[in-house]
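Letters go in sequence order (proteins before strands), and every chain restarts at 1.
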Amino acid sequence: MHVVLARSRGEILATIFDDHGILLEPAHVIDSLAVEVARRERSARERARWVWDDTSRWYPQLLREGVRVERCVDLRLCHAILRGSALTATSALARSSQDEWSLASPEPRVVVRAATLFDDDDEDGAGPASADPIAEFLRQRAAVGTAQDPARISRLLSAESAGALVAAEIRFAGLPWRTEAHESLLERVLGPRPRGDERPEHMVEQLERVRAELSAPDLNPDSPPELLRALGRAGIQAESTRSWELQNIDHPAIEPLLAYKKMARLLSANGWAWLEANVVSGRFHPDYVPGGVVTGRWASKGGGGALQLPKQVRGAVIADAGWKLVVADAAQLEPRILAALPADRGMAEAGASGDLYAGIVASGAVDTRDHAKVAMLGAMYGATSGESGRLLPRLAKSYPRAIAYVEAAARAGERGEIVTTRLGRSSPRGASADYDETATAADVVRARNQARSWGRFTRNFVVQGTAAEWALCWMAGLRGRLRALGGDIGLVHEPHLVFFLHDEVVVHAPAHLAERVGEEIRAAAADAGRLLFADLPVDFPLTVAIVDTYAEAK
DNA sequence: TATTTAAGCGCC
DNA sequence: AAAGGGCGCTTAAATA
């Protein structure tokens, strides 16, 4: 059963359809959404799927009222997939022109109130909310119906929508963050917190060494052009001031300079200011954007930088007393996806031992584990030169199916065609790099480079996008399993997801349930593998760590 | 002065 | 070691 929710002049309307899309109850006003949702969610018989324009506009309020939703359809996210997918390209939806459903989600206003984060829901705001969700719901069902294998795209839509629920729940619950631990880390690395915006002590010390070694007493190291000039005057010919380039230079100024840069990064990205802005009541609330990346990966927004939390500060992520963090990481996910996509049995076998790269060495394709890794990265990203490019042919010889698969994706992109992930997310169409007889040699070169660059994108798209689908299925399944394990006593009282990082999840769990959480995470990973690849002999092993602090994992 | 772009670096 | 895919954020520099 589907319950389509709409807002109209301050009221909430529900329209109910059965699983075949037949109208059961016409639109009627709901007095209290939380009461209505809670009632239907309790009914084992009904199995409601809530259909709404945008999960981030509906679900946070329900969570604050203590109500969880098992299943939903996020019309905006599903629309984006259906509009672009090769599997539904002939549908009316895909052939229609851009409309309000194609637009990005409007910015929900967020205010800090009483030391808690709230979304300041603008209930009558513009955006998709003003469009008719019933018409869109029916249009999307029709689009799915045009697919040759509707189960495939349906699975993707379910996973995408479940991901939106997960993102909202993670944001609501937050990642346990110990301010004192973070502060003591900052003091250890940077020195005491300075007044105002002065440089911390330890940065000043390193900077003075740099200035002395470069004979540049007034150097501002935060200005790349100025730094480059100072280096030049000291006889250092650097192309840029990037750390990895400076690393190779033998000069007494380099070591303190790199130390300074490292500290400057910590200070500006995750220093005291970050802590004050992003940690509220012992929780960091990641602001994920499901489907925010073309490949289907999540993006994040806001100063929290959820997807870029440096390893350096993860020691501040500490489980509550009596609780544990269960950290699980899908080992070598993308190479395994690459093996699974074309059912490359040889590569799948290489991964069966647990270390895919070691397996590739054992098969004799390359000599060392490092070579295996670099060669695989080259296959997935499209290396054109260097060691990676040289190793690629050896990989192609041993694993022709896998390499042919990504090569085909690259060629398709170069021809201006779209490519599609396992479950049916398609790449955008690249700008065609055509040229005619009037083109100069430079134009031709430019067009060719552009085509190759787009080919590297489509090559990576199928792997990264399918890996993202796997991760969505993994989390969606895990979410259900955790709720069952927790006994439905409330999100933050049960084991619950608190962090996600492309191929890694963190669950905050009562200590006595931590072992069982680990088992559920593994079971969910096995389910995800089957959801994407049925009974193909490819497994997706995990490393699972039960820890008190995130820094202990890996 | 305000906004946009580029450099640099963090994550996968 | 630093090539090749995807991001977001902060700061400084460039532009309006």
A:K262 side chain N/O closer than 4.0 Å to the phosphate oxygens (OP1, OP2) of B:dG10?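 So the side-chain polar atoms of A:K262 do come within 4.0 Å of the phosphate oxygens OP1 or OP2 of B:dG10, strictly under.
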Rounded interatomic separation in angstrom, taking [atom1] from [X] and [atom2] from [N]:
X      : N      : atom1 : atom2 : value
A:W274 : B:dC9  : CH2   : P     : 21 Å
A:F500 : B:dC11 : CZ    : P     : 17 Å
A:M263 : B:dG8  : CE    : P     : 19 Å
A:N278 : C:dC9  : CG    : C1'   : 11 Å
A:W272 : C:dT10 : CH2   : P     : 17 Å
A:I403 : C:dG4  : CD1   : C1'   : 14 Å
A:D370 : C:dA1  : CG    : C1'   : 10 Å
A:F461 : C:dG4  : CZ    : C1'   : 18 Å

Using a cut-off of under 3.5 Å, enumerate the N/O to N/O pairs linking the protein to nucleotides 11-16 of chain C.
{"residue": "C:dA13", "atom": "OP1", "partner": "A:S223", "partner atom": "OG", "Å": "2.4"}

Under the side chain to side chain donor-acceptor pair (under 3.5 Å) rule, what pairs show up with a residue in residues 324-336 of chain A, not counting sequence neighbours?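 Listed once each, the pairs are A:R297-A:E334, A:K324-A:D548, A:D329-A:K554, A:Q332-A:R336, A:Q332-A:D355.
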Residues two or more places apart in sequence or in another chain: which of them pass salt bridge (charged side-chain N to carboxylate O under 4.0 Å, His left out) with [X]?
X      : answer
A:R530 : A:D527
A:R390 : none
A:R229 : none

Please classify the nucleic acid contact of [X] as base, sugar-phosphate, or nothing, using heavy-atom distances under 4.0 Å.
X      : result
A:K373 : nothing
A:R390 : nothing
A:L309 : sugar-phosphate

Salt bridge A:R209-A:E255, side-chain N to carboxylate O under 4.0 Å: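 Counted as a salt bridge, because a side-chain N and a carboxylate O are separated by less than 4.0 Å.
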A:S300-A:D287 side chain donor-acceptor pair, cut-off 3.5 Å: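 Per modelled atom types, A:S300 and A:D287 side chains form no pair under 3.5 Å.
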Consider only side-chain N and O atoms of A:D74 and A:Y59, and report whether a donor and an acceptor are under 3.5 Å apart.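 There is no such pair (donor and acceptor under 3.5 Å, judged by atom type) between the side chains of A:D74 and A:Y59.
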Nearest to the A:K311 side chain among C:dC9, B:dC12, B:dG8, which nucleotide is it?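 From the listed options, B:dC12 comes nearest.
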Identify the pairs formed between an N or O of the protein and an N or O of nucleotides 5-7 of chain C at a distance under 3.5 Å, and give each distance.
{"residue": "C:dG5", "atom": "OP1", "partner": "A:R456", "partner atom": "NE", "Å": "3.2"}
{"residue": "C:dG5", "atom": "N2", "partner": "A:R297", "partner atom": "NH1", "Å": "3.4"}
{"residue": "C:dG5", "atom": "N2", "partner": "A:Q464", "partner atom": "NE2", "Å": "3.4"}
{"residue": "C:dG6", "atom": "O4'", "partner": "A:Q464", "partner atom": "NE2", "Å": "3.2"}
{"residue": "C:dG6", "atom": "N3", "partner": "A:R297", "partner atom": "NH1", "Å": "3.4"}

Side-chain polar contacts of residues 497-504 of chain A - donor-acceptor pairs under 3.5 angstrom, sequence neighbours left out - could you list them?
{"residue": "A:E504", "atom": "OE2", "partner": "A:Y550", "partner atom": "OH", "Å": "2.7"}

Centroid-centroid distance, A:F461 to A:W454, less than 6.0 Å: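 Not under 6.0 Å, so no.
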Contact list please: residues 172-198 of chain A against DNA chain B, heavy atoms, distance less than 4.0 Å, in numerical order.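 Hits under 4.0 Å, by residue number: none.
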Under 4.0 Å, heavy atom to any atom of DNA chain B: which of residues 234-253 of chain A qualify?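 Heavy-atom cutoff 4.0 Å gives A:S240, A:T241, A:R242, A:S243.
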Kindly write out the residues that satisfy side-chain hydrogen bond (donor to acceptor under 3.5 Å, both in side chains) with A:H182, not counting sequence neighbours, or none if the list is empty.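 Listed in chain order: A:W177.
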Residues that A:Y399 engages under ring pair (Phe, Tyr, Trp, His ring centres under 6.0 Å), provided they are two or more places apart: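 None.
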Can you tell if the side chain of A:F533 reaches within under 4.5 Å of the side chain of A:T466, non-hydrogen atoms only?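 A:F533 vs A:T466: side chains touch.
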Parallel, tilted or perpendicular, as decided by the 30° and 60° cut-offs, for the rings of A:W470 and A:W474: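 Taking A:W470 first and then A:W474, their aromatic rings sit tilted (interplane angle of 30° to 60°).
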Hey, could you give me each pair passing salt bridge (Lys or Arg N to Asp or Glu O under 4.0 Å) that has a residue in residues 450-469 of chain A? Not counting sequence neighbours.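 Matches after skipping sequence neighbours: A:E407-A:R459.
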